[in-house]
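Okay, structure first, notes after.
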Amino acid sequence: MTPTRQDDIRLLNILHMKDVEGMTCAAIGECMGGSKSSIIGAVNRVNKDADKHGCKCRKKANRDGGMKPKWWAS
């Protein structure tokens with residue numbers, strides 16, 4: 001199944017809460033209406049995919065840490 005834009009935004013919000021706000025997976029699950037395990041699984045899938053494919057950003061400003069928090073919401 002192909003992820004929708006809504007799926008992408010949900011995942012970006014999960015990553016933001018974990019990496020920027022420092023929330024635990026259990027707290028994110030409560031906030032997002034999911035379980036701690038579902039959040040852990042989502043984060044692990046993103047990390048596994050990133051490790052497998054690496055960063056393909058052409059512009060240095062788009063690489064990890066180069067964009068402002070919640071860039072997708074602006």
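Applying the side chain to side chain contact (heavy atoms under 4.5 Å, CB included) rule to Ser35 yields the partners Ser37, Ser38; only residues at least two apart in sequence or on another chain are considered. Residues passing the side chain to side chain contact (heavy atoms under 4.5 Å, CB included) test with Lys48, sequence neighbours excluded: none. With sequence neighbours left out, Asn47 forms a side chain to side chain donor-acceptor pair (under 3.5 Å) with no residue at all. Qualifying side chain to side chain donor-acceptor pair (under 3.5 Å) partners for Asn44, counting only residues two or more places apart in sequence or in other chains: none. Under the side chain to side chain donor-acceptor pair (under 3.5 Å) criterion, Glu30 pairs with no residue, sequence neighbours left out.
Enclosure of atom NZ in Lys36 is not indicated, since only 12 or fewer non-hydrogen atoms of other residues, nucleotides or ligands lie within 6.0 angstrom.
Its side chain outside the 4.5 Å cluster rule for every partner, Met1 clusters with none of the Ile, Leu, Val, Met, Phe, Trp and Tyr residues. With a 4.5 Å cut-off between side-chain heavy atoms of Ile, Leu, Val, Met, Phe, Trp and Tyr, the cluster of Ile40 takes in none.
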For residues 9-26, run the donor-acceptor check on the side chains, cut-off 3.5 Å, and write out each pair with its distance to 0.1 Å, sequence neighbours left out.
from: Asn13; atom 1: ND2; to: Ile9; atom 2: O; distance (Å): 3.1
from: His16; atom 1: NE2; to: Glu21; atom 2: OE2; distance (Å): 3.1
from: Thr24; atom 1: OG1; to: Ala27; atom 2: N; distance (Å): 3.1

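Distance alone, capped at 3.5 Å, is enough to place a donor-acceptor pair between the Asp7 side chain and the Thr4 backbone.
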